[in-house]
2 protein chains.
Amino acid sequence: MRKGNETRERILDIAEAGVLAKGFGATSIDEIIAEAGITKSGFFYHFHDKNELARGLLARHRGRLGQLVDEIFGRAAELSDDPLQQLLIGLTLFAEHMAAMPGGHPGCLVATMSYQEQLFNREVRAMVSSIVEDWNAFFRSMIEKIVAAYPLREPVDPGRIARNITCAIDGGIIMSKSLGDPSVLPEQMLMARNYVKMLFQPAALHAVPREALAA
Amino acid sequence: MRKGNETRERILDIAEAGVLAKGFGATSIDEIIAEAGITKSGFFYHFHDKNELARGLLARHRGRLGQLVDEIFGRAAELSDDPLQQLLIGLTLFAEHMAAMPGGHPGCLVATMSYQEQLFNREVRAMVSSIVEDWNAFFRSMIEKIVAAYPLREPVDPGRIARNITCAIDGGIIMSKSLGDPSVLPEQMLMARNYVKMLFQPAALHAVPREALAA
DNA sequence: CAGAAAACCGTACCGCCGGTGCAGTTTTCG
DNA sequence: CGAAAACTGCACCGGCGGTACGGTTTTCTG
């Protein structure tokens, strides 16, 4: 009765590879079971439909990504006590992690599924939505700590800043895919980092406008 | 022989509505022809397969969106001669346009199709990719004009800034969809605007760090 | 070791979907 | 009127997600 979990994990592995490479819709059950060496009945024993497979993939993905983020921002907390520096360091490490992936990052399951919404039922959509909200909440909590310690250069809602970081990641993933250039994702993560930095660190005095045009 | 174009347009209209509402994969040909009141043979007379339908949608979308952008940034050019102000005004008008859409913006065809890549052949993918590149090139040319007139607060490549704006739009669309909140898109467009503004307009003198922690 | 539950297999079947092929018909325009 | 354009009608194909259900093997537990 433990073999069941092994098979389940194998199905998820194969499905995940397929989804990241070709998208959810293009990853057929027939294909998965062929690679897993099981029958259709076996597949439907573990997942009663494709939506359940999607939920399984998302749940695993959330866990793994959460662990990665914990490691990265845990390391950032080791390196600095300052909340602003922690976020800046964490984002840098995150970007480096993405850049270091051989052949580019594999693509985010959540981002992939966000755009294939229509293939799924409410439960899966709710799951995708809650994962995005988790990300926003994570960054928001970090930003609120920063706001408590630093003056904002402009009055910007912490939620907006948090969503901007998440947007940069999602947008970076989508643009990396569209352009076939994996370097866009880490680049845009660093752009988001720089945004935060600028919001909380006022410009150096020597950086004044060349002309008086700047109102 | 002009009725042919009318039917073609009607097919595109129906398909576009379906794709924006449910995605490309979930919009079936059977469904389109039923709504258009034609037969399957009639459909395949106009589009020899679904990829050609996708190309037709993208071509029309590109034209329309290009016109909108021309209007918006043409208006911005009327309102200011300064290249920085033109971009800032244009992005504000763009964001307002998106916010004003009843029930939220309809969703971007390009963004939708970027994430359903696997459903299409090379031609369609190339088209999606070239549209994204057009956007980047458009913002880039504006930013290069600004760079020629303003000092950059930090040394950032104009291409990166351009891609950041495009990313904010794509990310905003995807997050609006994921969270079911259309206000995220205009919000994030304005965040991108603010980023540009900050990059070229140094902070006011009163905005200094509350503590010496900011390195 | 027995027995029950879990983890499958085999097979036949369903409806939807994208797509093909092709002959025949109507519409439109010059 | 005639030719081209714009369809219709119908039969068919393979792949897909999914259902139904009876039978078999594997695995853990008492």
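Convention: sequence-line order gives letters A, B, ...; per-chain numbering from 1.
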### Query
Which of parallel (below 30°), tilted (30 to 60°) and perpendicular (above 60°) describes B:Phe43 and B:Phe47?
tilted
### Message
Generate the contact string for nucleotides 12-24 of chain C. Rules: B means base contact, S means sugar-phosphate contact only, - means no protein heavy atom under 4.0 Å.
### Response
-----SBBB----
### Task
Look at the rings of B:Trp135 and B:Phe94 and say which category their plane angle falls in: under 30° parallel, 30 to 60° tilted, over 60° perpendicular.
parallel
### Message
Check the phosphate of D:dC7 against B:Thr7, side-chain N and O only, distance under 4.0 Å to OP1 or OP2. Yes or no?
### Response
yes
#### Entry: A:Glu71 and A:Arg75 ion-paired at < 4.0 Å
no
### Task
Send over the distance from A:Glu9 CD to C:dA7 P, rounded to a whole Å.
13 Å
#### Entry: salt bridge (Lys or Arg N to Asp or Glu O under 4.0 Å): pairs with one or both residues in residues 25-43 of chain B, sequence neighbours excluded
B:Lys22-B:Glu31, B:Asp30-B:Lys40
### Whole angstrom value for the distance that separates C1' of D:dC7 from CD1 of B:Ile33
13 Å
### Message
Check the orientation of B:Tyr195 and A:Tyr195. Use parallel for under 30°, tilted for 30 to 60°, and perpendicular for over 60°.
### Response
parallel
#### Entry: Short side-chain N/O contact from B:Tyr45 to OP1 or OP2 of D:dA6, under 4.0 Å
yes
### Query
Please give, in whole Å, the distance from D:dT27 C1' to A:Asn5 CG?
13 Å
### Query
So, is B:His46 near the phosphate of D:dA6, with a side-chain N or O under 4.0 Å from OP1 or OP2?
no
#### Entry: Nucleotide C:dA7, atom P - distance to CZ of A:Phe47 in whole Å
12 Å
### Task
Measure from CD1 on A:Ile32 to P on D:dC16 and round the result to the nearest Å.
11 Å
### Task
Name all residues meeting the side-chain contact (heavy atoms from CB on, under 4.5 Å) criterion together with B:Gln86; count only those two or more places apart in sequence or in a different chain, and write none if there are none.
B:Ala77, B:Met142
### Value in whole Å for how far the P atom of D:dA6 lies from CZ of B:Arg10
13 Å
